[in-house]
Colleague: 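Sharing a structure here in structure tokens format.
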Amino acid sequence: DFSLEANESGQINVYANATQEGPFTATLRIIYNGNDYGIALSATGLPSGTVVIGTGTEDLDLPINPYYGYSYSQSIFLQSDIHIANRNIEKIYYYWDGSASAVNSNDWIIYMGNTDLTEFADANSWISIDQLTQVFSGTVELPDVPGWIEINLNTPFFHNNQNLIIAVDENKANCDGSSEYFYCTPTGAKGYRSIIYYSDVTNPNPNNPPTGTYSNYAKAGFPNLKMQFEEEQPPLPVELTTFTAVISSDNLVEISWITQ
């Protein structure tokens with residue numbers, strides 16, 4: 001149940017459980033003061049194992065800032081938005097605006113981790129590299145066309161039922177234009193979901209990221225993200241190594257076994 005008094009507002013989160021790929025529609029019914037209001041909803045069923053988080057188009061300088069020579073960021077993605085647990089992440093994608101190609105912003109190292117954190121306290125609250133796993137190191141091509149930039153992870157990352165943190169370290173010297181960026185989704189007053197450091201001079205070290213500088217920023221938002229999880233595996237068959245059946249005095253069968 002969801003009720004509001006006069007001059008109150010609230011948010012209703014609606015989740016769609018697609019049974020097939022492609023677009024589909026639904027209607028949300030709201031009854032207020034005896035009147036029935038129908039709100040049209042639409043969604044798109046994604047391929048199995050695909051998750052998309054974020055629908056914004058804002059520039060929050062995440063996961064990298066192409067206008068600066070170097071950058072290092074960390075972003076938290078909530079499990080309540082992921083909805084898949086205990087499976088490997090094989091690919092991730094960020095949505096590039098494509099206003100120009102970025103040839104000086106393509107040397108990436110990516111780390112992932114599972115965390116109970118839901119937000120960062122401030123711009124200096126880096127999660128230690130000891131809690132992260134390197135999953136990618138290589139060139140990420142950023143062309144002059146918009147779209148999802150696919151990154152095949154060198155090492156698939158096992159995501160459990162916690163929140164997910166992704167850190168991106170961009171290491172190529174020199175900068176690109178001020179108009180290029182990745183689409184991001186703001187979170188408003190819900191807390192800092194990302195932090196970033198960027199500079200033309202200092203290449204931040206993920207083992208000891210800078211703190212307390214004018215180049216440290218806390219962001220109330222995150223970069224739009226698409227993830228591809230591995231295909232769900234069927235349960236393995238059970239092989240019995242020892243099987244015993246005993247008929248008791250009252251003709252009941254007692255069965256015991258040991259599995260591999």
Colleague: If you look only at pairs with a residue in residues 154-165, which of them pass as a salt bridge (Lys or Arg N to Asp or Glu O under 4.0 Å), with sequence neighbours excluded?
Modeller: none

Colleague: State which residues pass salt bridge (Lys or Arg N to Asp or Glu O under 4.0 Å) with Asp61; sequence neighbours excluded, sorted by chain then number.
Modeller: Lys219

Colleague: List the residues meeting salt bridge (Lys or Arg N to Asp or Glu O under 4.0 Å) with Lys172, not counting sequence neighbours, and say none if there are none.
Modeller: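 Listed in chain order: nothing, the list is empty.
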
Colleague: For the pair Asn216 (side chain) and Asn124 (backbone), establish whether a donor and an acceptor sit closer than 3.5 Å, ignoring hydrogens and angles.
Modeller: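 The answer is no, because no donor-acceptor pair under 3.5 Å joins these two groups.
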
Colleague: Report the hydrophobic cluster partners of Leu62, with the cluster defined as I, L, V, M, F, W, Y residues connected by side-chain heavy atoms closer than 4.5 angstrom, directly or transitively.
Modeller: Leu60, Tyr67, Tyr68, Ile196, Tyr198, Tyr217

Colleague: Kindly write out the residues that satisfy side chain to side chain donor-acceptor pair (under 3.5 Å) with Asn160, not counting sequence neighbours, or none if the list is empty.
Modeller: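 Applying side chain to side chain donor-acceptor pair (under 3.5 Å) to Asn160 gives Gln162.
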
Colleague: Would you say Asp81 and Gln79 are linked by a side-chain donor-acceptor pair, where the criterion is simply a distance under 3.5 Å?
Modeller: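 No, no side-chain donor-acceptor pair sits under 3.5 Å.
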
Colleague: Using the ring pair (Phe, Tyr, Trp, His ring centres under 6.0 Å) rule, collect all pairs that involve residues 104-128, keeping only residues at least two apart or in two chains.
Modeller: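 Residue pairs with at least one partner in residues 104-128: Tyr72-Trp126, Trp108-Phe182.
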
Colleague: Which salt bridge (Lys or Arg N to Asp or Glu O under 4.0 Å) pairs, counting each pair once, include a residue from residues 109-130, with sequence neighbours left out?
Modeller: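 Sorted result for residues 109-130: empty, none.
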
Colleague: Do the side-chain N and O atoms of Asn88 and His159 include a donor-acceptor pair separated by under 3.5 angstrom?
Modeller: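 Per modelled atom types, Asn88 and His159 side chains form no pair under 3.5 Å.
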
Colleague: So, using side chain to side chain donor-acceptor pair (under 3.5 Å) as the criterion, who are the partners of Ser71 when residues are at least two apart?
Modeller: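 For Ser71 there are no side chain to side chain donor-acceptor pair (under 3.5 Å) partners, ignoring immediate neighbours.
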
Colleague: Which residues pass the side chain to side chain donor-acceptor pair (under 3.5 Å) test with Asn86, sequence neighbours left out?
Modeller: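 Scan of Asn86 (side chain to side chain donor-acceptor pair (under 3.5 Å), adjacent residues dropped) gives none.
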
Colleague: If you compare all heavy atoms of Ala167 against all heavy atoms of Gln74, which two are closest, and at what distance to 0.1 Å?
Modeller: CB-CG, 3.8 Å

Colleague: Using the test side chain to side chain donor-acceptor pair (under 3.5 Å), find all partners of Asn106 that sit at least two apart in sequence or belong to another chain.
Modeller: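 Partners of Asn106 by the side chain to side chain donor-acceptor pair (under 3.5 Å) criterion come out as none, since no residue qualifies.
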
Colleague: Checking Tyr95 now: which residues fulfil side chain to side chain contact (heavy atoms under 4.5 Å, CB included) with it, not counting sequence neighbours?
Modeller: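 Applying side chain to side chain contact (heavy atoms under 4.5 Å, CB included) to Tyr95 gives Pro146, Trp148, Tyr183.
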
Colleague: Of all residues at least two apart in sequence or in a different chain, which pass the salt bridge (Lys or Arg N to Asp or Glu O under 4.0 Å) check with Glu141?
Modeller: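 Once residues adjacent in sequence are excluded, Glu141 has no partner under the salt bridge (Lys or Arg N to Asp or Glu O under 4.0 Å) criterion.
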
